[in-house]
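A, B, ... follow the sequence lines: proteins, then strands. Residue 1 opens every chain. Just so we're clear, the structure is a prediction, and the values are computed from it rather than from any experiment.
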2 protein chains.
Amino acid sequence: MEKIIIELEDTAKTLKLLGDKTRLTIIGLLKDSECCVCEFVEVLQMSQPSVSQHLRKLRDAGLVREQRRGQWIFYSLNAQHETYPIIQQILDQIPDQKEKLRALEEAGLRIQCN
Amino acid sequence: MEKIIIELEDTAKTLKLLGDKTRLTIIGLLKDSECCVCEFVEVLQMSQPSVSQHLRKLRDAGLVREQRRGQWIFYSLNAQHETYPIIQQILDQIPDQKEKLRALEEAGLRIQCN
DNA sequence: TGTAAATATAAGCATATACTTATATACTAA
DNA sequence: TTAGTATATAAGTATATGCTTATATTTACA
């Protein structure tokens, strides 16, 4: 496995964004599948504007991508981001968020598009 | 290699501290050897109080340890910290800071104690 | 069309952050 | 003792952050 070195300043920027419980949870959720804003609102139990503002920061930094599908906007991890390897390492060491998505699904709150 | 899972909130706290260029550099320097405050001041080209305040945050969080030797206080990474595995991964992906310490040494500014 | 749903953005505000300058503390050595 | 060096801490300040409420935008659908 080749070792990838990422500039210190870029790394610091990414870590700063992930150094927030809400945003780290968002990234953790995106590890398993893309999600739309209303799903984050439900899982995080936060107001919609607050969630949108966190997503905006992640998007502005290029860590996530957005894609509109009908009335929903889906977010996903941007695996092309320079610091993605670091994000992967971090995701590997925090608890899996899959369970939260499963709970959503069981509550019938998961959004499915075609 | 056993997989170590670290609570999301603890991880976020550590990432927040590392999400600052100055502190990330400090941690990067400590990867290679312990350092005293005046060495950080020299390498980082920052005021002594500013450096001390960054070190305090790292120490309060338990990420670094301090040890007085004579008139100097040396800081080192705390390998016992719960989030140390994450710090290691991050250190593995940023540029090596060893060169900066070597430059210090050549300038005769490295502190040596017994 | 008009209304509802999903989302983004703007404005306001309280708190956190990262410096600065000034001063206190602890150790060393004359 | 006293002066000098290394370091910590305190106080002040400008800026950043993360929420809130209010409003705008886009799409779906009756």
Given atom CD1 of Ile111(B) and atom C1' of dT7(D), what is their separation to the nearest angstrom? 13 Å

Taking Arg102(A) first and then Glu99(A), would you say they form a salt bridge - that is, a charged N and a carboxylate O separated by under 4.0 Å? yes

Would a single hydrophobic cluster contain both Phe40(A) and Leu109(A), if residues Ile, Leu, Val, Met, Phe, Trp and Tyr are joined by side-chain heavy-atom contacts under 4.5 Å? yes

Euclidean distance, atom CH2 of residue Trp72(B) to atom C1' of dA6(D) [Å, nearest integer]: 9 Å

Lys21(A) atom NZ: more than 12 heavy-atom contacts under 6.0 Å: no

Should Lys57(B) be listed as having a side-chain N or O under 4.0 Å from OP1 or OP2 of dA18(C)? yes

Donor-acceptor pair under 3.5 Å, Gln48(A) side chain vs dT9(C) base: no

With side chains defined as the heavy atoms from C-beta onward, is the minimum distance between Arg65(A) and Phe74(A) less than 4.5 Å? no

Answer with base, sugar-phosphate or nothing: what part of the nucleic acid does Tyr75(A) contact at a heavy-atom distance below 4.0 Å? sugar-phosphate

Whole-Å distance, Leu18(B) CG to dA18(C) P, equals 12 Å

Taking atom C1' of dA6(D) as reference, at what distance in whole Å does atom CG of Leu109(B) sit? 15 Å

Ser52(A) side-chain N/O to dT7(C) phosphate OP1/OP2 under 4.0 Å: no

For a quick test of reading the model: is some side-chain N or O of Arg68(B) closer than 4.0 Å to OP1 or OP2 of dA6(D)? no

Separation of atom CG in Leu55(B) from atom P in dC19(C), rounded to whole Å: 12 Å

Check the phosphate of dT9(D) against Arg59(B), side-chain N and O only, distance under 4.0 Å to OP1 or OP2. Yes or no? yes

Can you see if the side chain of Arg56(A) gets near the phosphate of dT7(C) - specifically, an N or O under 4.0 Å from OP1 or OP2? no

Find the distance Gln53(B):CD to dT23(C):C1' and express it as a whole number of Å. 13 Å

To the nearest Å, how far apart are Glu42(B) CD and dT7(D) C1'? 16 Å

Hey, which sits more toward the 5' end of DNA chain C by its nearest nucleotide, Glu66(A) or Lys16(A)? Glu66(A)

Rounded off to whole Å, could you give me the CZ-to-P distance for the Arg69(B) and dT28(C) pair? 13 Å

List the atom of Leu8(B), the atom of Ile94(A), and the distance in Å for their closest heavy-atom pair. CD1-CD1, 4.1 Å

Determine: side-chain N/O of His54(B) to OP1/OP2 of dT17(C), distance under 4.0 Å, yes or no. no

If the cut-off is 4.0 Å, is Ser50(B) near the phosphate of dA18(C), judged by side-chain N/O to OP1 or OP2? no

What about Gln71(A): does its side chain form a donor-acceptor pair under 3.5 Å with the base of dT25(D)? no

Counting side-chain heavy atoms from C-beta on, which of dT7(C), dA18(C), dT20(D) comes nearest to Asp20(B)? dA18(C)

